[in-house]
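Naming: A, B, ... by sequence-line order, numbering from 1 per chain. Quick note: numbers below take in every heavy atom, side chains included, and nothing from hydrogens, waters or symmetry partners.
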Amino acid sequence: MTTVLYAVLVLGVLGLVFGGGLAVASKVFEVKKDPRVEEIRATLPGANCGGCGFAGCDACATAIATGKAPVNACPVCSGEQTTHIAAIMGVEVEATERRVAFVKCAGGNRSNKKYEYIGIEDCVGAMKIAGNGPLECAYGCLGFGSCVKACAFGALSINQYGVAEVDREKCTLCRKCMAACPRHLIIEVPYAADVMMRCSSKDKGAVSKKNCAVSCIGCKLCEKNCPSDAIHVVDSVAVIDYTKCTSCGTCVTKCPRKVLVNIHDDGKVAPVVNA
Amino acid sequence: MDWQTLLSIALGAILVNNFILVQFLGICPFMGVSKKMDTAVGMGFAVIFVMGLASALCYPVNLLLVKLDMEFMQTVTFILVIAALVQFVEMFLQKTIPSLYEALGVYLPLITTNCAVLGVVLLNVQNDYNFIESVVYGLTGGVGFLLAIVLFASIRERLAFNAETPKCFEGFPIALITAGLMALAFSGFSGLQVF
């Protein structure tokens, strides 16, 4: 009986000592955590997409709370969430314009082919083949969907012309697709903008025309007719300056190749000309 | 006690009686956190740290138990001591050396349930080691753990990337076979004697 008593005593006393010690230690070695980190973390989407440049949402929340990152560091957060984070941090947030990704190509399988590619369904893989992939156009979307696989939000798909298409409602501008595209065809555009340039071909006009049914030939009709000096032909391809563009649509009507499109009109996809 | 004894204890703990590959203690973290090299190294150092400390702390506790004639209480008491120790070390590190705390991360609390740590203190008692011998056995036992888990992790990394593993063996099965072959290789040390 005494043995049992001793056993209980020894273990009980040891437990008490350790418990008490740990309780004291937890006070002595207490590390104060910023409660704002938790709050911000709860507001962030939690997808750990890495679009902010930090290693996941936890790191981003810590960076915001310590002031190392702006309150709108998360590209995925909507205006409401950003405002909430700003409220936690006690600062005003400037209204940021929503931007989305956009694939600068309309050609895809409307571009002429050098050869039939049968292999791994991956753009980078196809690019490794002699001749930089099966398309005649060196700037065209290969349509094997490397960007589709990269998108964590299901915002990308391949359309009927074999070109990647961004779902503007789902796009959060995490920029994963931009990094995934071996031809760097995906750019960011303002969500509110109407006019889109759907070609990236830097080839000379004649070459572009021969390569693809829907290609910019650098004719400069858009540049000459733009009332607000918002579109310029650089390296044989028209580039829209969205800080000046008023979405008047003049260039869309003037473009002989129909690669300048109004994204809210019928075709997000440029119609076929000379097909 | 002399250097020869300590050296033979150390070599014994690292190679001849390696905790994982010969005594089969601490298999759980050995399989669990050996998928990547850097996590394996982190776990290894955390184990060295805790095994050394646990050996040192359990030595006086054991003296107390022997004095009270209650050796049968060793296992349960040691578990209590180790759990409290790990908790305390975690708090202490978080406050004083945050960088080390970050580096060890989740592995520190994981070690509480590592049977290699309990194993080392029980073996200390079984082998009648004195205080210094116990600490050396604990530390070098941890080094043996580190050695085994680092070797194993590097093999697993290679297996994952460039081996033609049959489909049915992919992942855990091939890891178990690898571990078995490693244990077999380590049994080659069993004849080793110091001086």
Heavy atoms of A:Val28 and B:Lys95 approach each other most closely as O-CE, 4.1 Å
Closest heavy-atom pair, B:Met91 versus A:Phe29, reported as atoms and distance to 0.1 Å, is O-CB, 3.7 Å
Do the side chains of B:Phe72 and A:Thr3 get nearer than 4.5 Å, heavy atoms only? yes
Are more than 12 heavy atoms, taken from residues, nucleotides or ligands other than [X], located less than 6.0 Å from that residue's [atom1] atom?
X: A:Glu80; atom1: CD; result: no
X: A:Tyr115; atom1: OH; result: yes
X: A:Glu38; atom1: CD; result: no
X: B:Lys35; atom1: NZ; result: no
X: A:Lys202; atom1: NZ; result: no

Distance col, row B:Leu64:CG vs A:Leu14:CG, nearest 0.5 angstrom, shows 7.0 Å
Apply side chain to side chain contact (heavy atoms under 4.5 Å, CB included) to B:Leu85 and A:Phe18, showing your working. CA-CA 9 Å; B:Leu85 171 74; A:Phe18 286 134; over 6 Å; no
Chain A shares the most heavy-atom pairs under 4.5 Å, among B:Val81, B:Leu68, B:Asp69, with B:Val81
